[in-house]
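Here the structure is laid out as structure tokens; the discussion comes afterwards.
Counting starts at 1 for both ligands and their atoms, following the listed order. Below, each value reflects all heavy atoms present in this structure, side chains not excepted, and no hydrogens, waters or symmetry copies.
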Amino acid sequence: MDETKERSVDPATQKLLKRAKEQNIVTVWDRFEVMRPGCKFAQQGICCRICNMGPCRITKKAEQGVCGANADTIVARNLARMIVAGAAAHSDHGRDVAHALLLAAQGKASAYKIKDEEKLVALAAEYGIKVEGRKKEEIAEDLANKALSEFGQQHGELRMALRAPKKRVQLWKKLGILPRGVDREIVEMMHRTHMGVGNDYRNILTHGLRVALSDGWGGSMIATELSDVLFGTPEPLTARSNLGVLAEDKVNVVVHGHEPTLSEVVVEASHDPELLDLIKQNGAKGINIAGICCTSNEILMRHGIPVAGNFLQQELALVTGAVEVMMVDVQCLMPALASVASCFHTKLVTTSPKCKFPGVTHVEFQEERAYETAKEILKLAVQNYKNRNKNGVEIPKENQGLVAGFTAESVFNFLGGRYRATYRPLNDAIIQGRLRGAAGVVGCNNPNTRHNYSHIEMAKELIKNDVLVVVTGCSAIADAEAGLLQPETAFKYAGKGLQEICEAVGIPPILHVGSCVDNSRILITLTNVVNEGGLGEDISDLPVAGAAPEWMSEKAISIGFYFVASGVFTVFGTPHPILGSKNVTDLVCGGLEEMVGGKFAFESDPIKAAHLMIEHMNKKRKALKLKPMMYE
Ligand code: SF4
Ligand code: MSK
């Protein structure tokens, strides 16, 4: 098979990989080849370098590190630190959104307005904030302060974790893993995994569950909910995806990373009359904002801004030669972007004080001057248009239509109908055997797996078997690029039962519910399904499963752990780096189920992985004594 086809199933990606090769531009796939076969010790999680007596590696001859730590301890500590890093990244994102809401409420950040008052009031009630007779800004200020205080909270419980089904909350309390404060759990894990502290792998990973819960039901959920308050709760909308969304005759600005705080304002500032004049003066037909990774998903969900690509396509967007500015914020940004950008006229612009690249233009984002910052970056792009080598541009044609913008609330309205806002029809469809269950397919790309292949094939196999699929992050983008996020997908690929539902409601069988932090929307949806009744008393009773078939990030590990800790069976494409400890592997892929009702499995074949999920759903259906599947 042609090398580019081995690397990706996406034709646009294949074309640009050829172009990169012709121009001697090194990409992530080339660097991956150089790194192969990789360090066996790291892959199995049995190297430790957390103190200066090491580094230590566990072998047959050396079953303990210098301090006496064995494989179980070393593997558990390494895994725990991955959970911590992932939870920290998501939660710091949540903190930034809460901070922006606070400044907006105090009138210190004029670029932001409170867009979803209904959600503001609902959240205020949840947090015990008085609403009657108060201005929305006053309520928002209290809400932002309450949310911010949950990061450093030392005692008590995270408010949003109490949203989980009653039985689940009781279980977390019994196990001592209901999170107290977000930063509290993260710091404690760094302590627990310091040299010479915990060496009981079970105890270390039990706290790992608590850290992950502080992400999913804490930092990430705060990020999602407060973003909805500030930027508006998404509603279903149509848009386009893949590298073909870049424009030949317009100024292309690609936003990349995770946080919506600046990109939201960039979208608004792109209509500024001064900028439109400048565009004309520079001979362009307009300005085209497009996104990569989850910054993209954020502004796609709320504004229908086109998606240029997912994680592995970030360098290739620049290889088109058509990008004037790539504006990056935080997370999933390859350091290699700087060298690829330097092969073209593209200006790479960093914006977060947390994320600078050496020698790269930095325009620092502060919420108080968000509009000015956005405009400054857009001006840089417009002025750079004249430097584009018009004969050196290659934009692939591929760009697919999609429907996005689903949330826990819109599933409510869609399936229940506008006047019957209820999950009843969804639950009934599962109970009657029209729908087998639901699956969340999420996470990254990784050059160790053919780009987009596993996401697409897994989603198709699931819907074929009457499983409603919800997607986020780069998985959602993979499906979008394959044209799967459209209602027609139901007729092409879905089983008869799912097809009937999609036809009746007018939705695709694969629902895009947002960015990586928006996995919290899936937790809320699952809780709503439990609360609606008829499908057990806890998330672990439901015929549902999760998957991250092409994962690469520590955030994926944290997400996986909070799903498992919430009672969801979760399949990862490649294993966690834990196989060097049988005990840890048995716990993660077995013992956790007894504890929290969820566990992991590792399976690299997406079809086999889908069937592990389907078998799990069948097992849960049987336990609930549900009717047989209608069309089997
Ligand atoms: Fe080696 Fe123990 Fe130090 Fe780790 S903590 S590097 S196993 S001596
Ligand atoms: S962007 S975390 S590569 S999904 Fe959220 Fe994609 Fe994974 Fe980053």
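Within ligand 2, the atoms closer than 4.0 Å to a non-hydrogen atom of C293 are 1 (S), numbered from 1 in the order shown. Below 4.0 Å from some heavy atom of M195 lie the following atoms of ligand 1, by number and element: 5 (S). The ligand atoms of ligand 1 that sit less than 4.0 angstrom from a heavy atom of G54 are 6 (S). Which parts of ligand 1 touch R77 is read off a 4.0 Å heavy-atom cut-off, strictly below it: atoms 4 (Fe), 5 (S). Atoms of ligand 2 lying under 4.0 Å from at least one heavy atom of C294, given by number and element, are 1 (S), 5 (Fe).
Taking both residues in full, the closest heavy atoms of Y562 and C516 are given as OH-O, 4.3 Å, listed atom of the first, atom of the second, then distance.
Heavy atoms from both the backbone and the side chain of C444 come within less than 4.0 Å of ligand 2.
In this structure, the protein non-hydrogen atom closest to atom 6 (S) of ligand 1 is C48 O, 3.4 Å. At the shortest separation from atom 3 (Fe) of ligand 1 among protein heavy atoms lies C51 SG, 2.4 Å. At the shortest separation from atom 8 (Fe) of ligand 2 among protein heavy atoms lies C332 SG, 2.2 Å. Looking from atom 6 (Fe) of ligand 2 to the surrounding protein, the closest heavy atom is C474 SG, 2.2 Å.
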Under the side-chain hydrogen bond (donor to acceptor under 3.5 Å, both in side chains) rule, what do H258 and K555 come out as? Steps first, then yes or no, please. CA-CA 12 Å; H258 278 76; K555 290 178 287 170; 3.1 Å; yes
What do the steps show when you test E315 against T27 for side-chain hydrogen bond (donor to acceptor under 3.5 Å, both in side chains), and what is the final call? CA-CA 7 Å; E315 293 166 296; T27 67; 4.9 Å; no
Q: Take E550 and N445 through the test side-chain hydrogen bond (donor to acceptor under 3.5 Å, both in side chains) and record every step on the way to the result.
A: CA-CA 5 Å; E550 302 181 23; N445 306 126; 3.2 Å; yes
Could you give me the CA-CA distance, side-chain angles and deciding distance for D10 and Q313, then say whether side-chain hydrogen bond (donor to acceptor under 3.5 Å, both in side chains) is met? CA-CA 10 Å; D10 171 51; Q313 292 173 297; 3.2 Å; yes
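Using a cut-off of 4.0 Å between Lys/Arg side-chain N and Asp/Glu carboxylate O, E398 and K15 are scored as salt-bridged.
Within the structure, the closest approach of Q64 to ligand 1 does not fall below 4.0 Å when heavy atoms are considered. Within the 4.0 Å heavy-atom shell around ligand 2 one does not find S515. Ligand 2 lies less than 4.0 angstrom from a heavy atom belonging to M552.
The aromatic rings of F561 and F600 sit tilted relative to each other, their planes meeting at an angle between 30° and 60°.
Between the CZ atom of F365 and the CD1 atom of I377 there is a distance of 9.5 Å, given to the nearest 0.5 Å.
Not one N/O/S atom of C67, from backbone or side chain, sits under 2.8 Å from atom 1 (Fe) of ligand 1. With 2.8 Å as the limit, C56 does not count as an N, O or S neighbour of atom 4 (Fe) of ligand 1.
Counting heavy atoms only, H258 comes closest to atom 1 (S) of ligand 2 of the residues H256, H258, H90.
Under a cutoff of 6.0 Å and an axis angle of 45°, R95 and F151 form a cation-pi pair.
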